[in-house]
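One structure is given here, and the rest of the page talks about it.
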Amino acid sequence: RRPLVTAIGGAVSLTLAGMALQAQAATEISLGHTLSSTSHYAVGAQAFKETLEELSDGAFTVTEHTSGSLGGEREMIEGLQIGTVDIVITSTGPLGNFVPETYVLDLPFLFEDYDQARCVLDGELGDELLTKMSDHDLVGLAWSENGFRHMTNSRREIASPADADGLRVRTMENEVHQEAFRQMGARPTPMAFPELFTALQQGTVDGQENPITVIVATNFWEVQDYLSLTGHVYSPAAVLGSPILLDGLSDEEREWFHEAARASAEATRQEVSRLEEEGVALLEENGMTVKTDIDIGPFQDAVEPAYEIFTAEHGSEMLERIQEKA
Ligand code: EAX
């Protein structure tokens, strides 16, 4: 009997040792974003998770934190720098505060359509900007997408800049966006995204601007009656990593993260395209009055000074390179 007991004991301890080894080997990666679990960012987060877990054969597991549960985008970017979060999917909204070179992407009416924007971000300039992030304690993994931004508000239909006059519009914490809205005659109020729904509900601000993707994912129709398809600025998203995690990995491991980020961006862009097709109808079904046929000329004229202010501060080299591609 003794050998049998020993054999069983041996098997049990082997299994336990195996489990301990597995538990030790899997590194949990935290991934944060500001949007809901049904959003285009969530689609991208899941693609990141699947790709990384598959490539690493389970050595890394990814836990997604949605809806700003790790804070707003500015806070999460700070979290990457100090290593309290590993991966963040964020708009470029607050990014220029950390990597000023990215401000150029936030200029209003810079990109004409999705193809052009994606092409620039996937090209040399996009790569350069991702590389630049290393100078600011961030790892730029891939350019993803939020979408062309449109204005919503609870007061009136906006068909021209004059209609935006005096309107209190929440903007992202981005000086280029704030300037553009000032030029339109609105009263820009920068605010982190997780505070926005309540601010709209309580009337602290009259309106906000975001892509169809975000308006759909956040049920903004509950607090906003009017949507105007101004498409006034393309909103890129970036998949960013913490240098504190990534610098400690092997080249092979780091490449898995880059690949997972590219898969994430691809999945997100597909979802953005789908929502561009179907989102407006959904918003109308939910009671929003949508102004579609907007003459954007007067809006472009109104924000023109934002370009001068931008180039005076940041130069025109990157801007000219983008405009050459247009
Ligand atoms: O990145 O803050 C914003 O309006 C962003 O579009 C949102 O957080 C998604």
Side-chain angles (χ1 to χ4, degrees), residues 31-45 48 64-80 85 87-99 102-103 105-106 108 111 117 121 140-153 168-178 180-181 186 188-201 204-220 223-224 227 230-240 261 264-265 267-269 271-272 275-276 279 283:
L31 182 158
H33 62 81
T34 49
L35 300 177
S36 74
S37 57
T38 58
S39 64
H40 57 306
Y41 284 1
V43 169
F48 184 93
E64 179 189 4
H65 302 271
T66 61
S67 306
S69 58
L70 299 182
E73 293 185 329
R74 187 174 44 76
E75 286 169 290
M76 285 192 291
I77 295 171
E78 281 164 6
L80 291 171
V85 56
I87 302 291
V88 170
I89 301 174
T90 175
S91 74
T92 51
L95 191 55
N97 295 304
F98 301 85
V99 188
T102 65
Y103 273 134
L105 301 173
D106 302 315
F111 296 113
L121 292 170
L141 293 171
W143 285 111
S144 184
E145 189 163 77
N146 197 15
F148 277 93
R149 303 179 79 90
H150 307 290
M151 292 167 69
T152 72
N153 81 95
R168 287 167 306 169
V169 178
R170 175 269 178 177
T171 68
M172 297 196 285
E173 296 164 281
N174 181 298
E175 60 182 49
V176 176
H177 283 197
Q178 285 170 60
F181 278 92
T189 308
M191 188 186 293
F193 188 79
E195 293 161 36
L196 177 55
F197 192 92
T198 309
L200 291 168
Q201 199 167 36
T204 319
V205 289
D206 305 310
Q208 64 90 44
E209 42 84 58
N210 251 302
I212 301 294
T213 51
V214 177
I215 300 170
V216 168
T218 319
N219 297 6
F220 275 148
V223 285
Q224 297 277 270
L227 165 64
T230 44
H232 52 274
V233 68
Y234 174 77
S235 182
V239 185
L240 303 177
S264 169
T268 294
R269 283 180 180 178
E271 183 64 1
V272 172
L275 284 164
E276 281 294 328
L283 295 172

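Ligands are counted one by one from 1 in listed order, and the atoms in each one are counted from 1 as well. The figures here come from the full heavy-atom set of this structure, side chains too, leaving out hydrogens, waters and symmetry mates.
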Note to self: For Thr90, state whether at least one heavy atom is located under 4.0 Å from any atom of ligand 1.
What the structure shows: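 Flag not set, Thr90 not near ligand 1.
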Margin query: Within the structure, is a non-hydrogen atom of Arg149 found at a distance of less than 4.0 Å from ligand 1?
Written below: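 Contact check Arg149 vs ligand 1: positive.
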What atoms of ligand 1 come closer than 4.0 angstrom to any heavy atom of [X]?
{"X": "Tyr41", "result": "1 (O), 9 (C)"}
{"X": "Met172", "result": "2 (O), 3 (C), 4 (O), 5 (C), 6 (O)"}
{"X": "Glu73", "result": "1 (O), 7 (C), 8 (O), 9 (C)"}

Next item on the list: Identify, with sequence neighbours excluded, every residue that meets ring pair (Phe, Tyr, Trp, His ring centres under 6.0 Å) alongside Phe181.
Entry: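 In terms of ring pair (Phe, Tyr, Trp, His ring centres under 6.0 Å), with neighbours along the sequence ignored, Phe181 is linked to His232.
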Item checked: For atom 8 (O) of ligand 1, the protein heavy atom that lies nearest, with its residue and separation ->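 Ranking protein heavy atoms by distance from atom 8 (O) of ligand 1, first comes Thr34 OG1, 2.9 Å.
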Next item on the list: Measure the distance from atom 6 (O) of ligand 1 to every protein heavy atom, then report the residue, atom name and distance (to 0.1 Å) of the closest one.
Entry: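 So the nearest neighbour among protein heavy atoms is Asn210 OD1, 2.6 Å.
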Notebook entry, point to check: Are any side-chain N or O atoms of Gln178 and backbone N or O atoms of Pro190, one a donor and one an acceptor, separated by less than 3.5 Å?
Noted result: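 A pair under 3.5 Å: no.
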Item checked: Donor-acceptor contact present, side-chain His33 to main-chain Thr66, <3.5 Å ->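 No.
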Next item on the list: With sequence neighbours left out, write down each residue that passes side-chain contact (heavy atoms from CB on, under 4.5 Å) with Ser36, or none if nothing qualifies.
Entry: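 So Ser36 forms a side-chain contact (heavy atoms from CB on, under 4.5 Å) with Thr38, Ser39, Ser67, Ala217.
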Next item on the list: Determine whether the side chain, the backbone, both or neither of Leu196 has a heavy atom under 4.0 Å from any heavy atom of ligand 1.
Entry: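 Contact part for Leu196 vs ligand 1: neither.
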Margin query: Rounded to the nearest 0.5 Å, what separates atom CD in Glu145 from atom NE2 in His40?
Written below: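 Between Glu145 CD and His40 NE2, I get 8.0 Å after rounding to 0.5 Å.
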Note to self: What's the separation between atom CG in Leu240 and atom CD1 in Ile89, rounded to the nearest 0.5 Å?
What the structure shows: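 Result: 9.5 Å between the selected atoms.
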Margin query: Ignoring hydrogens, what is the shortest heavy-atom contact between Val214 and Thr218? Give both atom names and the distance.
Written below: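 Scanning both residues, the minimum pair turns out to be O-OG1, 2.7 Å.
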Notebook entry, point to check: When you measure from atom 2 (O) of ligand 1 to each heavy atom in Met191, Glu173, Arg170, which option holds the nearest one?
Noted result: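 That would be Arg170.
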